[in-house]
Amino acid sequence: MSNMARLKTKFYQQNTFKLAQALLGKYIVRKYNKITLIGKIVETEAYYGPHDLASHASRGRTPKTEIMFKQAGLAYIYLIYGMYYCFNISTEKKDFPAAILIRAVEPIAGINQMIRNRYLKNKKFNPLITTYHLPLTKIANGPGKFCQAFKIDKNLNSENLITSKKLWLAKNSQEKIKSFQIIKTKRIGIDYAGKYKNKPWRFYLKNNTFVSKF
DNA sequence: CCTGGGATTTTCT
DNA sequence: GAAAATCCCAGGA
């Protein structure tokens with residue numbers, strides 16, 4: 001992990017679709033209570049502009065969607081289906097609504113804690129049990145599961161990833177993803193989005209077993 | 001393998 | 001009051 005360097009402003013200022021692909025293979029670092037969790041991003045989705053019917057921003061600028069209209073590099077976190085959180089990164093310039101949803105990560109460090117975090121809200125959680133089991137590929141293979149594992153919730157909404165001490169992104173300069181390793185396909189769970197529902201704005205690493213859906 | 005329904009709460013109409 | 005960028009489990013083929 002010695003080659004890990006935090007991603008700075010310039011990285012986030014790329015075009016949303018380029019950034020959604022550049023995020024693949026990068027690391028998410030989460031710190032709380034002296035615990036450090038690290039995951040490698042393997043799947044993203046872009047939500048772009050005021051007309052994208054799959055984007056919350058297509059229904060206007062509201063308190064909820066405000067972060068999507070801010071500058072690049074902020075955490076946009078919302079509650080979905082009353083139960084799960086989704087973590088996004090704001091992109092593009094101020095007043096242009098866009099964001100990238102992190103849909104899946106490969107667990108790298110703090111794996112036992114991630115598994116415990118996943119069970120904490122589960123009805124089957126029993127505080128007397130200290131060891132839970134979950135296959136590595138099912139810890140964070142979905143946007144809701146990832147947030148649960150990494151203890152990401154509304155408290156981190158609007159967090160600045162460039163300066164935060166709790167949540168940021170990093171890269172290992174020795175690791176490079178080539179474009180042939182990236183699958184581009186339609187986004188998940190947005191069948192209501194009319195002509196935007198089939199846009200190939202979902203990106204994931206080819207043959208990667210940590211993605212939410214193949 | 002697949003399909004369908006329930007959980008749960010914020011947000012906006 | 002309805003919908004929602006999800007997840008899990010049950011039941012049938």
Side-chain angles (χ1 to χ4, degrees), chain A residues 16-17 19-21 23-24 28 39 41-70 72 74-92 96-107 114-126 132-159 183-204 209-214:
Chain A
T16 299
F17 303 103
L19 182 56
Q21 294 170 79
L23 283 167
L24 298 174
I28 296 184
I41 299 170
V42 301
E43 179 180 346
T44 62
E45 276 179 1
Y47 290 83
Y48 186 78
H51 307 298
D52 176 3
L53 293 174
S55 170
H56 298 157
S58 70
R59 278 141 266 165
R61 191 167 183 159
T62 67
K64 176 183 174 179
T65 61
E66 184 60 24
I67 308 285
M68 291 192 76
F69 289 81
K70 292 195 185 268
L74 305 182
Y76 169 44
I77 296 159
Y78 59 85
L79 182 68
I80 186 67
Y81 297 107
M83 299 185 70
Y84 298 95
Y85 290 97
C86 285
F87 168 68
N88 305 252
I89 299 162
S90 67
T91 64
E92 305 293 337
F96 187 92
I100 296 166
L101 171 67
I102 302 302
R103 283 196 57 90
V105 312
E106 172 186 351
M114 290 179 198
I115 295 172
R116 198 169 164 79
N117 289 345
R118 288 270 277 108
Y119 276 89
L120 279 173
K121 290 203 169 182
N122 194 306
K123 283 178 187 150
K124 291 185 212 153
F125 178 71
N126 176 343
Y132 284 90
H133 298 285
L134 203 53
L136 212 49
T137 53
K138 293 188 176 176
I139 294 173
N141 61 331
K145 291 189 251 185
F146 158 64
C147 282
Q148 225 172 40
F150 279 67
K151 231 180 186 50
I152 292 173
D153 62 23
K154 259 290 176 67
N155 292 317
L156 290 169
N157 191 33
S158 87
E159 192 81 1
I183 302 288
K184 305 171 176 66
T185 183
K186 65 181 182 182
R187 296 172 290 180
I188 291 176
I190 53 145
D191 284 350
Y192 56 82
K195 64 181 179 183
Y196 284 84
K197 80 173 179 160
N198 291 320
K199 296 271 186 198
W201 293 352
R202 172 175 176 240
F203 307 94
Y204 65 90
T209 55
F210 299 94
V211 303
S212 65
K213 195 170 172 238
F214 300 101

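As the structure is a computational prediction, the values presented were derived from the model and not from experiment.
- Across all strands, A:L101 comes closer than 4.0 Å to base atoms (heavy-atom distances).
- Between A:I152 atom CD1 and C:dT6 atom P the separation is 16 Å, expressed in whole Å.
- Among the nucleotides C:dC8, C:dT6, B:dT11, the one closest to any side-chain atom of A:Y81 is C:dT6.
- Remark: the backbone N or O of A:L24 is not paired with any side-chain donor or acceptor of A:T44 at under 3.5 angstrom.
- Between A:G49 and A:A98, the shortest heavy-atom distance links the atoms N-CB, 4.2 Å.
- Using a 4.0 Å heavy-atom criterion, one finds that A:G82 contacts the bases of the nucleic acid, with or without backbone contacts as well.
- For the pair A:L79 CG and C:dA4 P, the interatomic distance rounds to 15 Å; values are reported in whole Å.
- At a non-hydrogen distance threshold of 4.0 Å, A:Y47, A:A54, A:H56 from residues 46-66 of chain A come into contact with DNA chain C.
- A straight line from CG of A:D191 to P of C:dA4 spans 10 Å, rounded to a whole angstrom.
- Counting all heavy atoms, side chain and backbone alike, A:I100 lies closest to A:L19 at CD1-CG, 3.7 Å.
- In this structure, the aromatic ring of A:Y84 is not positioned over the six-membered ring of the base of C:dT6 within 5.5 Å between centres and 30° between planes.
- Nearest nucleotide to the side chain of A:C86, out of C:dT6, B:dA7, C:dC8: C:dT6.
- Between A:K138 and A:I190, it is A:I190 whose nearest contact on DNA chain C lies nearer the 5' terminus.
- Set against B:dT11, C:dA5, C:dC8, the side chain of A:N88 has C:dA5 as its closest nucleotide.
- Scanning both residues, A:F210 and A:A104, for their nearest heavy atoms gives O-CB, 3.4 Å.
- Rounded to whole Å, atom P of C:dA5 lies 16 Å from atom NZ of A:K213.
- Side-chain N or O atoms of A:E92 include one that pairs as donor or acceptor with a backbone N or O of A:T16 at under 3.5 Å.
- Taking atom CE on A:M83 and atom C1' on C:dT6, their separation rounds to 9 Å, with Å as the unit.
- The partner of B:dG5, taking Watson-Crick or G-U wobble pairs whose two distances both stay under 3.5 Å, is C:dC8.
- Contact check, A:R187 against C:dT6: no side-chain N or O comes under 4.0 Å of OP1 or OP2.
- With rounding to whole Å, A:I67 atom CD1 is found 12 Å from B:dT11 atom P.
- A cation-pi arrangement is found for A:R187 relative to A:Y47, the charged atom lying closer than 6.0 Å to the ring centre and inside a 45° cone about the ring normal.
- The interatomic distance linking A:N117 (CG) with C:dC7 (P) rounds to 16 Å, in whole Å.
- Straight-line distance from the CG atom of A:N198 to the P atom of C:dA5: 16 Å, rounded to whole Å.
- Here A:Y76 and A:Y78 bring their ring centres to under 6.0 angstrom of each other.
- For A:F96 and A:Y48, the distance between ring centers is under 6.0 angstrom.
- The phosphate of C:dA5 has neither OP1 nor OP2 within less than 4.0 Å of any side-chain N or O from A:K199.
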